[in-house]
Amino acid sequence: MTCIYCLSEKVPSEFNREHVLPRSMGMFRDNLVLSEVCTDCNSSFGSTLDLSLGRNSLEAFQRFQYGIKSKKDLGDLQHARIRFRASPGYGPDSGCYLQLCQDGEEFVVKPMAQVGFPGKGSGDYEYVLLENLEDESCEFTPDYLNSEFRILGPNDEAVKRVLEVLKKRGYKPKVHGAVAPPVAVGDKMETSIEADIDRTMRRAMAKIGYNYFAYSVISQGQRELLLHDGLKQTREYVLGVTDGSFDPVDVDCEPILKFDTLQCVRRAHISYAQIGTT
């Protein structure tokens with residue numbers, strides 16, 4: 001058999017089931033699966049693209065939001081591509097970074113380790129995460145050196161770590177007291193969500209689109225189309241071996257279906273792919 005991604009010829013035992021839509025996004029009756037993806041490609045996708053999509057993306061949060069994944073597993077959610085922040089209206093804490101936690105069936109938030117610098121010309125604070133403070137290549141405005149700032153964290157150890165890093169970077173923090181929380185424990189807090197769609201996310205989307213295309217043509221008895229040279233760039237894009245000049249993924253803020261809005265999508269798991277051959 002020939003793998004529809006790497007085009008390697010292997011014995012049938014070196015192939016396994018590739019789900020058109022990653023299982024992390026939900027299991028459905030009569031799931032669409034492919035048998036034409038080799039174990040090596042399948043394993044690579046699972047440990048990179050599928051893992052990132054399932055744990056480090058906006059869709060990863062929606063797995064908890066819609067009950068696909070239990071809230072007790074919120075510790076699996078990573079924050080490299082998705083960030084939760086306090087919405088405007090919470091005084092100096094507006095814009096601070098938040099970490100989602102679980103309390104029974106509810107989401108609760110705790111502040112991540114960070115420091116808030118006064119914004120120039122406004123009463124708002126600009127928050128910088130501890131991980132960015134620790135990155136020596138990340139520069140800050142010199143005016144901040146003598147500013148009053150706020151240090152937030154989920155616990156005393158995190159706050160202590162922020163203080164240590166600030167001192168290493170030339171700041172001279174003097175602790176004046178504890179800051180009051182923006183809301184009382186148990187109250188609801190409006191949050192905003194920021195998500196990055198980087199190359200890994202785009203490759204994950206391209207794989208889903210290519211999988212749908214593959215399932216369609218194989219179902220119609222036209223498997224040979226998948227081996228066409230016109231799909232070479234798309235295959236290599238998903239595999240991550242292209243130089244970056246080719247990108248088959250188009251990100252659009254408009255909903256796909258006619259009667260949908262950005263606030264209401266009537267159907268999920270719709271992949272719109274245009275894959276051309278010459």
Side-chain angles (χ1 to χ4, degrees), residues 19 21-28 31 43-88 90 93-116 127-135 138 151-159 161-162 165 181-183 185-208 240 249 251 253 262-263 265 268-269 271:
H19 286 75
L21 187 77
R23 286 187 292 176
S24 61
M25 296 294 108
M27 296 293 288
F28 310 92
N31 274 327
S43 298
S44 176
F45 295 151
S47 61
T48 55
L49 304 184
D50 295 347
L51 186 64
S52 294
L53 184 63
R55 295 191 179 184
N56 197 353
S57 66
L58 180 60
E59 289 79 8
F61 164 65
Q62 291 178 317
R63 295 174 68 199
F64 296 100
Q65 189 178 21
Y66 295 109
I68 296 175
K69 193 170 177 65
S70 171
K71 291 185 176 68
K72 67 180 178 61
D73 296 321
L74 270 170
D76 292 343
L77 188 64
Q78 300 173 14
H79 295 272
R81 296 186 187 87
I82 180 170
R83 294 168 295 280
F84 302 89
R85 307 183 72 171
S87 298
Y90 294 97
D93 291 296
S94 297
C96 72
Y97 294 94
L98 303 168
Q99 179 176 346
L100 281 185
C101 304
Q102 179 230 4
D103 183 12
E105 293 301 315
E106 297 291 330
F107 287 118
V108 296
V109 292
K110 293 182 180 180
M112 299 179 70
Q114 61 199 292
V115 59
Y127 285 91
V128 180
L129 288 170
L130 172 60
E131 59 196 61
N132 298 122
L133 283 174
E134 293 175 322
D135 183 358
C138 188
I151 297 175
L152 304 179
N155 51 51
D156 291 341
E157 286 300 315
V159 171
R161 177 58 184 160
V162 174
V165 176
V183 295
V185 175
D187 285 354
K188 293 190 180 295
M189 184 179 196
E190 184 176 313
T191 61
S192 62
I193 304 175
E194 301 172 353
D196 296 330
I197 304 176
D198 61 10
R199 186 171 175 80
T200 298
M201 289 295 97
R202 298 168 80 91
R203 286 175 55 211
M205 293 297 102
K207 180 173 81 76
I208 294 173
V249 178
V251 179
C253 290
L262 291 180
Q263 290 73 36
V265 178
H269 309 314
S271 177

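Any value given below was found using the heavy atoms of this structure, including those in side chains, with hydrogens, waters and symmetry copies removed. Position 1 is the first residue of the sequence; numbering continues from there.
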Visitor: Taking all heavy atoms of Leu152 and all of Cys96, pick out the closest pair and write down the distance.
Guide: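 Closest approach of Leu152 to Cys96: CD1-CB, 3.8 Å.
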Visitor: Could I get the full list of side chain to side chain donor-acceptor pair (under 3.5 Å) partners for Arg63, not counting sequence neighbours?
Guide: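 Not a single residue meets the side chain to side chain donor-acceptor pair (under 3.5 Å) criterion with Arg63.
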Visitor: Which atoms form the tightest heavy-atom contact between Ser24 and Gly54, and what is the distance?
Guide: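 So the minimum-distance heavy-atom pair works out to OG-CA, 3.9 Å.
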Visitor: State whether the number of non-hydrogen atoms from other residues, nucleotides or ligands found under 6.0 Å of Ile193 atom CD1 is greater than 12.
Guide: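 Yes, CD1 of Ile193 has more than 12 neighbouring heavy atoms, counting only those of other groups under 6.0 Å.
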Visitor: Of all the heavy-atom pairs spanning Leu58 and Ile82, show the shortest one and how long it is.
Guide: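 Smallest interatomic distance, heavy atoms only, reads CA-CD1, 3.8 Å.
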Visitor: For Asp196, is there an ion pair with Arg83 - N to carboxylate O distance below 4.0 angstrom?
Guide: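 A salt bridge is present here (some side-chain N lies under 4.0 Å from a carboxylate O).
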Visitor: Looking only at non-hydrogen atoms, find the nearest pair between Ser192 and Ser87 and report the distance.
Guide: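 Reported closest heavy-atom pair: N-OG, 3.4 Å.
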Visitor: Counting C-beta onward and ignoring hydrogens, is there a side-chain heavy-atom pair between Glu134 and Arg161 closer than 4.5 Å?
Guide: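 Counting from C-beta outward, Glu134 and Arg161 do come under 4.5 Å.
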Visitor: Testing Asp93, Asn132, Val115 for side chain to side chain contact (heavy atoms under 4.5 Å, CB included) with Tyr127, which one passes?
Guide: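 Single side chain to side chain contact (heavy atoms under 4.5 Å, CB included) partner of Tyr127 among Asp93, Asn132, Val115: Asp93.
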Visitor: What is the distance from atom CZ of Arg85 to atom OG1 of Thr191, rounded to the nearest 0.5 Å?
Guide: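 Going from CZ on Arg85 over to OG1 on Thr191, the span is 12.0 Å.
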Visitor: Would a 4.5 Å heavy-atom cut-off, applied to side chains only, mark Arg81 and Asp198 as touching?
Guide: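 Yes, close enough: below the 4.5 Å cut-off.
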Visitor: Is the closest side-chain heavy-atom distance between Leu53 and Ile208 below 4.5 Å?
Guide: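 Sidechains of Ile208 and Leu53: in contact.
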Visitor: Centres of the Phe61 and Phe84 rings: under 6.0 Å?
Guide: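 Ring centres of Phe84 and Phe61 closer than 6.0 Å.
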Visitor: For Arg23, look at atom CZ and say whether over 12 heavy atoms of other residues, nucleotides or ligands are found less than 6.0 Å away.
Guide: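 No, the 6.0 Å shell around CZ holds no more than 12 heavy atoms from other groups.
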Visitor: Would you please test Arg202 and Ile197 for side chain to side chain contact (heavy atoms under 4.5 Å, CB included) and show each step?
Guide: CA-CA 7 Å; Arg202 298 168 80 91; Ile197 304 176; 3.8 Å; yes
Visitor: About how many Å separate CG of Asp73 and CZ of Arg55, when rounded to the nearest 0.5 Å?
Guide: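 Nearest 0.5 Å value for the CZ-CG distance: 8.5 Å.
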Visitor: Which heavy-atom pair separates Val162 from Ala113 by the least distance, and what is that distance?
Guide: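 Residues Val162 and Ala113, closest heavy atoms: CG2-CB, 4.1 Å.
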Visitor: Let me confirm one number: the CG-CG distance from Leu129 to Asp135, rounded to the nearest 0.5 Å.
Guide: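 Atom-to-atom, Leu129:CG and Asp135:CG are 12.0 Å apart.
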Visitor: Within a reach of under 6.0 Å around CG of Asp187, are more than 12 heavy atoms found that belong to other residues, nucleotides or ligands?
Guide: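 Correct, the count exceeds 12.
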Visitor: If I take atom NZ from residue Lys207 and atom CG from residue Leu21, how far apart are they, to the nearest 0.5 angstrom?
Guide: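 Separation between the atoms: 8.5 Å.
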Visitor: Keeping the roles fixed (side chain from Gln114, backbone from Met112), state whether a donor-acceptor pair exists under 3.5 Å.
Guide: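 Pair found, side chain donor or acceptor close to backbone of Met112.
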Visitor: Report yes if some heavy atom in the side chain of Asn155 is under 4.5 Å from a heavy atom in the side chain of Lys110; otherwise report no.
Guide: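 The answer is no; the side chains never approach within 4.5 Å.
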Visitor: Looking only at heavy atoms, which two atoms of His79 and Leu98 are closest? And how far apart?
Guide: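 Heavy atoms only, the tightest pair is CE1-O, 4.4 Å.
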Visitor: How many angstroms lie between CZ in Phe64 and NZ in Lys72, if you round to the nearest 0.5 Å?
Guide: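 Between Phe64 CZ and Lys72 NZ, I get 9.5 Å after rounding to 0.5 Å.
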Visitor: Compare all side-chain heavy atoms of Asp76 with those of Lys69 and state whether any distance is below 4.5 angstrom.
Guide: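 Answer yes - side chains close enough.
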Visitor: So, the side chain of Ser52 versus the backbone of Leu49: is there a donor-acceptor pair under 3.5 Å, distance only?
Guide: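 No, Ser52 side chain to Leu49 backbone: no donor-acceptor pair under 3.5 Å.
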